[in-house]
Each structure stands twice: as C-alpha cells, then as structure tokens.
Number of protein chains: 2
Amino acid sequence: MGLSNITVLRKREIVKAFYQTAVKEGLEGTSIAKIAKTLEIQPSLIVHYYKSKDELITALIDHCLELYLKIFEESYSSKNDPRAMLVALINRMFSKDWNDLFDDGVYYSAYAMVFREPAFREKFSKIHKTLREQLSDLLEKCDQSGEINCENPSLTANRIFFLLDGTYFFINMLSTQKEQNEHLKQSKLLAFEMLGLK
Amino acid sequence: MGLSNITVLRKREIVKAFYQTAVKEGLEGTSIAKIAKTLEIQPSLIVHYYKSKDELITALIDHCLELYLKIFEESYSSKNDPRAMLVALINRMFSKDWNDLFDDGVYYSAYAMVFREPAFREKFSKIHKTLREQLSDLLEKCDQSGEINCENPSLTANRIFFLLDGTYFFINMLSTQKEQNEHLKQSKLLAFEMLGLK
DNA sequence: CTATTTATTGAACGACCATTCAATAATTTG
DNA sequence: CAAATTATTGAATGGTCGTTCAATAAATAG
C-alpha cells in the first residue's frame, strides 16, 4: 500500500507552512491553527497527517537537515578533485548561503527544545553528527590524496564545526551587516588556516 | 520616594521563580499563571510588578548578565596580577562553572527571541558586548604589563568568545558527559594557545 | 490616629490552544 | 459500477493564556 502521492505532498506542504509561519511567529508561537490558516485548510486536517505537535517539530528538524546536506552534495558534485570540493564547501559554510538556509530564530528555538525533550536532542544530535562526519570523510580523502596534511580528520572536522557554530552565534550579536560580514570573513580565513589551505 | 524594600524583593523573587519555572517548562512554555503557582500568589500580583510578559523576559535577561559578570568579578578579586586573573578567568569560562550558571534551554530560547523582537536583540547584544569588553580590557592590561603578547585585544577577545560560544553549542550535541568534558578541555587548551599562555 | 498609598486577592474577560468526532466529499480498489 | 478507503470539513470540548478590575488587607505618611 504505502503512502499515496497526495499524502506525501500534503505532509511536505504542511511542514513548509509550519516553517514559514514559525519564521514570522516563532517556533513555539506557531499553533496548528495558524499553520492551517496559512494553507487555508482546517486544523483537523493537519492533525490527520501529524498526530501531535511533536511529530510536526520532528518533521521540521528533518527538513532542516535535508537542506544542510544539500550544500554538501552541491559542493561535491560541482568539483571533481577532493581539494576543490573542500575549498568549495568551506567557502559555502562560511557564507550567507549557509546562514540563510534556515531561519536563525527557528533554528535556535529548536535547539533550545533539545534540553527539555530527549527525542529532539537525539534528532538534533544526529543532524550535527551527520554533518561532522560528512566533513570528516572529505578531510580524510584530502589527506590520503596528499592535498592537505590532516592527522586526525574527525578532530579537525569537530574544530571546524565549533568555529562555525560559534561564528554564527557570535555574528548575530553584532548590529551592522558590515560587521557581520567582516567577522564571517575572519572566521573563514581561520578555517582555511586550520586546514593548512591558502 | 523610590521603590520600597518589598517591591525590590518581590520583583527579584518573581524573576527567580520565572527562571525556575522556565527551566522545567521552557521559556515560552512558562506562563504568568505558572510563575504565580510557583510562588503561591495570584497571577494579577505579577502583573502588578511587571506590566507585561516582555518586561519579565527583559528582567530575566538582566538577571542572566549579572550572573556572568559575577564570574569576571570573582576572577579579578581572587588574584592580584593580571596574568593570574586572566588564567583564572579562562579556566572558569571553559568549565562547568560557566555552563551551569544559566540553564542552556532557557538561554538559547532567549537567544532565539532576539530574531523576532528588536528590544531583546538590543538587550542580548549588550550582554555579549559587555562580556567581550571585560575580557578585552583584561587582555590589554596583560599586554601592557608584558604578560602576554596581544596586538589587538578586542579582536583576540572576540576570537575567544566565538570559541566559547561554539564550544558550548557543540558539546551539547555530544551524548556522554565524558565526551563533553573532553571537548571542553580541548577548547580550553586552544584558548590558552590563542593567548600564548602555557 | 487618620488619610493615603501600596500590596494582594479573587473573579471575570475574550482569545486562542491542541485535540476529538461525526459528517461529507473525493479517490482508490476490486 | 459498487464498496472500501482516504481526504477534508466544520463544529465542539475543556483548558490555558494574558490582561483587566474592583474589593480588601497591609503598610506608610502626615
């Protein structure tokens, strides 16, 4: 049997509307009724597809991971040697591209939920881990082909990630776009430095 | 005239109850009624002291800043030369002390609000800036007395902070306490390295 | 001690919340 | 085409929300 076409479509549509509404109203401020209004359907229809609000949030986190993973895929497919892939990836990670992928307010709200709901923590941890492993794998490839010198790819990937996490947390505390861009650039240089590139 | 003694006490008491409740129920899940229940008073009494929920949140953010600033003060007063102060400070910043000061869930929820409410952004930015400046001032003192070599104290302070922000964001994605401690230690070493200490 | 201000209670308001349920419309299956 | 399943509506439920208001208790001021 499986899910019919319309089921998959509706579910995706609902998650998208959930995200859109959450951008405006905040993740916790977004009710099922508001999502329904965005889609011009009845609230009960949303409940028909997602049995609870927690299920909706889980789906939203999954959606978020998909978006981030796409950047990895794109960086891989656009180049053909490991070094060029790595440079392309780092360039995208430390750019507006990456930051604009998912609304900051929604992202940090979801992150905050991790501390109260173990299921969300597991979900979020998995995203983070998947992304780190993706980078680690690429670093290992670059090391093996002699492009970079990286003794411990996993550790280096982790370091790049806490530079990344810290940078985005930090730049949102700066008032002007100019300052933000400046710091983003700074961090990117630091990342390349850590990798022994450029 | 000014605020009477009982006013100051009650207001502080309410903010504390707000925090306690938010730790359990989440920042956005904490209603005025729940705070009132925690204190065993009427909801309307809370409204008497804080005209709106936003005022309450603002007070909570202020309370948070006070806590963090205290760590700076303590680090300063416990030692008498700049270098010892700096070492003491970095040690505390990259330790459970710092992390346990304020609940992570509440902290990141408040941070997330910054993206929807400009008043909160201003407030939060100010906290962050104040802390960075405190560190920058200390770095400058250390540089002048020749304890460390720091050309641009402000930039270095910023770098320490995005290492700090990133580290705490990152370690909460790790499952075991052991892994978390390991990474915290790693980051602390990196911080000392960045400062040319140890 | 009286008048005034402040603290506190308790009830009430309309708005919105997540969730349930039965009824109807559309689609799929046999 | 008929039966069964799925999609969708619309109304209803009990609960909580932030906020308002008038009444009472306590504290302060003159």
Side-chain angles (χ1 to χ4, degrees), chain A residues 1-61 106 109-110 112-113 116-117 119-120, chain B residues 1-61 106 109-110 112-113 116-117 119-120:
Chain A
M1 173 102 24
L3 298 173
S4 75
N5 205 21
I6 196 166
T7 300
V8 175
L9 250 74
R10 260 280 189 251
K11 288 192 104 175
R12 193 174 291 271
E13 198 180 24
I14 290 170
V15 170
K16 243 179 103 181
F18 182 18
Y19 172 70
Q20 283 169 7
T21 314
V23 170
K24 286 180 208 148
E25 316 261 357
L27 184 58
E28 316 221 28
T30 300
S31 62
I32 291 176
K34 282 179 188 168
I35 304 172
K37 204 169 193 177
T38 300
L39 290 172
E40 288 177 317
I41 57 173
Q42 294 296 322
S44 49
L45 186 55
I46 292 176
V47 178
H48 175 69
Y49 288 105
Y50 294 98
K51 269 161 220 151
S52 71
K53 208 185 171 184
D54 280 11
E55 249 185 50
L56 262 170
I57 295 173
T58 303
L60 185 63
I61 298 180
V106 178
S109 283
M113 287 181 174
R116 264 165 288 118
E117 182 51 56
F120 293 152
Chain B
M1 174 96 34
L3 298 173
S4 74
N5 205 20
I6 197 168
T7 300
V8 175
L9 251 73
R10 260 278 190 254
K11 289 192 102 175
R12 193 172 292 270
E13 198 179 24
I14 290 170
V15 171
K16 244 180 101 182
F18 182 18
Y19 173 71
Q20 284 169 7
T21 314
V23 170
K24 284 179 209 147
E25 315 261 356
L27 184 58
E28 316 222 29
T30 300
S31 61
I32 291 176
K34 283 178 187 168
I35 304 172
K37 204 168 193 177
T38 300
L39 290 171
E40 286 177 319
I41 57 173
Q42 294 296 323
S44 49
L45 187 54
I46 292 177
V47 178
H48 175 69
Y49 289 105
Y50 295 97
K51 270 159 220 155
S52 70
K53 208 186 172 184
D54 280 10
E55 249 183 53
L56 261 170
I57 295 173
T58 303
L60 186 63
I61 299 180
V106 179
S109 284
M113 287 181 175
R116 264 165 290 115
E117 182 50 56
F120 293 152

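Proteins come first, then strands; the chains are lettered A, B, ... in the order of their sequence lines, and each starts at number 1.
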What is the distance from atom CD1 of B:I46 to atom CD of B:E13, rounded to the nearest 0.5 Å? 10.0 Å

Whole angstrom is fine here: how far is it from NZ in A:K11 over to P in D:dT8? 13 Å

Indicate every side-chain donor-acceptor pair of residues 14-21 of chain A with a distance under 3.5 Å to a residue at least two apart or in another chain.
unit_1	atom_1	unit_2	atom_2	d
A:Y19	OH	A:D103	N	2.9
A:T21	OG1	A:A17	O	2.6
A:T21	OG1	A:T38	OG1	3.1

A:L45 meets the side chain to side chain contact (heavy atoms under 4.5 Å, CB included) criterion, sequence neighbours left out, with A:R10, A:I41, A:H48, A:Y49

Once you round to the nearest 0.5 Å, how far does CD of A:E117 lie from OG1 of A:T58? 8.0 Å

Separation of C:dA7 atom P from B:E13 atom CD, nearest Å, is 13 Å

Output the pairing pattern of DNA chain D as a dot-bracket string, 5' first, Watson-Crick or G-U wobble with both distances under 3.5 Å, | for cross-strand pairs, [ ] for crossing pairs. |||||||||||||||||.||||||||||||

Counting only side-chain heavy atoms from C-beta out, which of D:dT19, C:dT20, D:dA7 sits nearest to A:I6? D:dA7

Taking CD1 from B:I14 and C1' from D:dG18, how many angstroms apart are they, rounded to a whole number? 15 Å

Is the backbone N or O of B:I57 less than 3.5 Å from a side-chain atom of B:Y50, with the two atoms forming a donor-acceptor pair by type? no

If you look only at pairs with a residue in residues 20-47 of chain A, which of them pass as a salt bridge (Lys or Arg N to Asp or Glu O under 4.0 Å), with sequence neighbours excluded? A:E25-A:K34

Do the side chain of B:E55 and the main chain of B:K51 share a donor and acceptor less than 3.5 angstrom apart? yes

Considering only nitrogen or oxygen atoms on both sides, find all protein atoms under 3.5 Å from nucleotides 9-11 of chain C and state each distance.
unit_1	atom_1	unit_2	atom_2	d
C:dT9	OP2	B:Q42	N	3.3
C:dG10	OP2	B:Q42	NE2	3.1
C:dG10	O6	B:S44	OG	2.8

B:S109 and B:L27 have their tightest heavy-atom pair at CB-CB, 3.7 Å

Below 4.0 angstrom, which residues in residues 24-36 of chain B have at least one non-hydrogen atom near DNA chain C? none

Give the rounded distance in Å between these two atoms: OH of A:Y50 and C1' of D:dT8. 17 Å

